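Accompanying notes for the structure given below.
This structure is a prediction, so every number in the text was calculated from the model and none was measured. All values below come from the heavy atoms of this structure, side chains included, with hydrogens, waters and symmetry mates left out.
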Amino acid sequence: MELYQRFLTEAIDGEGRLTGVEYHAPETYNFGFDVVDELGKSEPQRRAMIWTSDTEERIFTFGDIMRLSAQACNYFKSIGIAKGDKVLSVLRRHWEFWVIITALHKLGAVVIPATDQLKEKDFVYRFNAAEVKAVICTSFGGVLEEAERAAKKCDGVKIKIAVDGVHTGLRNGASEERIKTLDCGWRDYGSEVCAFGEVYERPADGSAPMRDEAMLMYFTSGTTAYPKIALHEHTYSLAHFITAKWWHNVQKDGVHFTVAETGWGKAVWGKLYGQWLCGACVFTYDFDRFEQSKLLNMISKHKITTFCAPPTIYRFMIKADLSKYDLSSLKYITTAGEALNPEVYNRLKEATGLGIMEGFGQTETTLTIANLRGCVPKTGSMGKPTPIYPMRLVDCDGNDVEAGTAGEICIDISNGRPYGLFREYYKNPEETKKAMCEGLYHTGDTAWRDEDGYMFFVGRTDDIIKSSGYRIGPFEIESVLMEHPSVLECAVTGEPDPVRGQVVKATIVLTKGYEGSEELKKEIQTYVKKATAPYKYPRIIDFVDELPKTISGKIRRNVLRSSAKS
């Protein structure tokens, strides 16, 4: 307990500001041992998580998570998962994710969360790029089969573990295809892990994972290349204290609900590290398809006190008759992921009396800019820089810009990397050097600052599309489109959408012999859905004779976006 209590009370004051007290986590710091296990020993009956699906409900205490993660440690160790091994996790919102990621942190394996919407092509790239040794995958839906087809093409994948997301048994009622997949060397987590002991102590021989070692890797959204891999150390978890305490405003005896699938970075932002550092209970709803009525009922039934969701979720919520739901338990609501519409803000405030507090960050960081607890938000503003990140807005020459002028959001690393900022792009020194140069980490995002220090988002320099909370890189979609015989050239951009924020738009030059038609549009959309994660497919397709390009031949996406607005 002493470790994280020092962080809460000494490094940050009662208003969320740095105190000036120098704080360095002990060299041995490990989230699994020093936070989860310490809480499991000191407050074993304190609720850590309420987990529910449409058919089940379970409550896990910190004592439960300590024991179950110890059991998972012993199991993983017995089948050959060790310190430094890369483990891809595809677990939707299953409660096992929290147990498994805690266990892997204790072992020192490097966790790589991924979404269950990946297809074979996506898995092959991720297996190879991250040098994945083990994959732990939900048996829900068809993702297990996609992972198996990819694993057959990747010799580095040695261990395959299936998790029964519906808790009815992996083979119970399974199809012949599913049985064949499971027979290809997939282990059954649920039936095997229970044979192992529920005690796993920190190794005393110095082999335990340490503060500055690799803990977590996330694939970023690729734009001009395939996704890069942001590598984080164990100190990443500590930086999320500000996320939970000063942005989400979690309370120790409250219940915090962040709507995020575990394949995305937002899950550990809102459903794990900071919340458990504060000793708070997280709520997880393991749903298949989002329905605003069910989500609103969950808030009412489980007395959710703090809530975070992307603007898309709020846009769906305000379409419901909010007067039918008891939202009186809510004390604080937050959002991140894309621009927040004023109408959404106003409607939610009318219904709940609460203003939505916006925040901003990246896969490479924790919360960097936010409307922290106690501040008065300004319409359209992301807020102010959070205290652990020395922030600068610079022009293309690296000079600070004046108030009211747009500049690139950069983090000053001339005195070292703050906790929460990634170490490197894995196996990609060129991109790492490009992002971290001349004493700055370049986010690639632009914003302007007003006279009071509030920051307003302008755009992404690398054309990221933000749709329904997803961050989508054009390059991956363009690569799939180019595989279709009708596509000669293409460019993918984001089109404004009142519900999703943005939708994917593909502007296509057709191969000779093809003519644009509604039938061809549907054919191309279906092709993309089958070849990569379905949320990436272009909802809008335009056929053109040629794409606007620079003299050097680069496609001018800004022209395509401008034409969409006119």
Side-chain angles (χ1 to χ4, degrees), residues 1-14 16 19 21 23-51 58-74 95-108 111 196-204 206 208-211 215-216 234-246 248-258 268-284 302-303 305-306 419:
M1 293 285 285
E2 180 184 358
L3 172 77
Y4 78 87
Q5 284 177 341
R6 281 187 57 209
F7 185 65
L8 306 192
T9 59
E10 294 180 18
I12 298 173
D13 70 12
T19 61
V21 173
Y23 179 81
H24 297 285
E27 187 180 359
T28 58
Y29 172 72
N30 179 283
F31 180 80
F33 292 120
D34 293 311
V35 178
V36 176
D37 281 9
E38 285 300 311
L39 283 165
K41 293 170 184 176
S42 63
E43 299 185 74
Q45 297 307 313
R46 176 167 289 282
R47 292 186 307 177
M49 178 169 65
I50 301 170
W51 175 89
R58 293 186 63 172
I59 295 177
F60 296 88
T61 65
F62 283 106
D64 293 331
I65 301 296
M66 177 180 69
R67 290 187 294 273
L68 290 169
S69 61
Q71 192 174 54
C73 279
N74 291 319
W95 62 261
E96 288 91 345
F97 171 81
W98 283 260
V99 171
I100 286 170
I101 194 171
T102 302
L104 293 173
H105 289 345
K106 292 179 186 179
L107 286 174
V111 188
F196 292 82
E198 295 184 343
V199 176
Y200 186 84
E201 299 291 346
R202 189 198 306 257
M210 308 285 270
R211 175 191 67 195
M215 177 188 80
L216 186 72
H234 285 269
T235 50
Y236 172 78
S237 59
L238 284 172
H240 273 305
F241 167 64
I242 288 179
T243 309
K245 184 70 174 178
W246 297 107
H248 288 155
N249 194 21
V250 302
Q251 304 299 316
K252 197 168 183 180
D253 293 319
V255 181
H256 178 73
F257 182 12
T258 284
V268 298
W269 279 47
K271 301 160 90 86
L272 180 59
Y273 298 130
Q275 292 70 32
W276 284 1
L277 273 164
C278 295
C281 177
V282 296
F283 176 78
T284 295
H302 295 280
K303 305 300 180 185
T305 52
T306 53
Y419 288 171

With sequence neighbours excluded, residues passing ring pair (Phe, Tyr, Trp, His ring centres under 6.0 Å) with [X]:
| X | answer |
| --- | --- |
| Y200 | none |
| H105 | Y273 |
| F62 | W276 |

Please name the pair of heavy atoms, one in [X] and one in [Y], separated by the smallest distance, quoted to 0.1 Å.
| X | Y | answer |
| --- | --- | --- |
| K106 | A70 | NZ-N, 4.0 Å |
| F97 | V268 | CZ-CG1, 4.5 Å |
| L238 | A25 | CD1-CB, 3.5 Å |
| N30 | P209 | ND2-CG, 3.2 Å |
| D37 | S69 | OD1-OG, 4.5 Å |
| S237 | H234 | OG-O, 3.0 Å |

Check for a donor-acceptor pair, side chain of [X] on one end and backbone N or O of [Y] on the other, with a separation under 3.5 Å.
| X | Y | value |
| --- | --- | --- |
| Q275 | L272 | yes |
| H256 | T306 | yes |
| E201 | V199 | no |
| T305 | V255 | yes |

Legend entry - side-chain hydrogen bond (donor to acceptor under 3.5 Å, both in side chains) against R47, all qualifying residues, sequence neighbours excluded: none

Inset, instruction - For R202, check side-chain hydrogen bond (donor to acceptor under 3.5 Å, both in side chains) against everything at least two apart and list the hits. - result: D34

To the nearest 0.5 Å, what is the distance between [atom1] on [X] and [atom2] on [Y]?
| X | Y | atom1 | atom2 | value |
| --- | --- | --- | --- | --- |
| F33 | E38 | CZ | CD | 11.0 Å |
| M210 | M215 | CE | CE | 15.5 Å |
| R46 | D253 | CZ | CG | 5.0 Å |
| T235 | Y29 | OG1 | OH | 8.5 Å |

Legend entry - Non-hydrogen side-chain atoms of D64 and R67 separated by less than 4.5 Å: yes

Legend entry - side-chain contact (heavy atoms from CB on, under 4.5 Å) assessment of V99 paired with I65: CA-CA 6 Å; V99 171; I65 301 296; 4.3 Å; yes

Legend entry - Pairing residues for Q71 by the side-chain contact (heavy atoms from CB on, under 4.5 Å) criterion, not counting sequence neighbours: L68, V193, F196, E198

Inset, instruction - Verify whether the ring centers belonging to F60 and W98 lie closer than 6.0 Å. - result: no

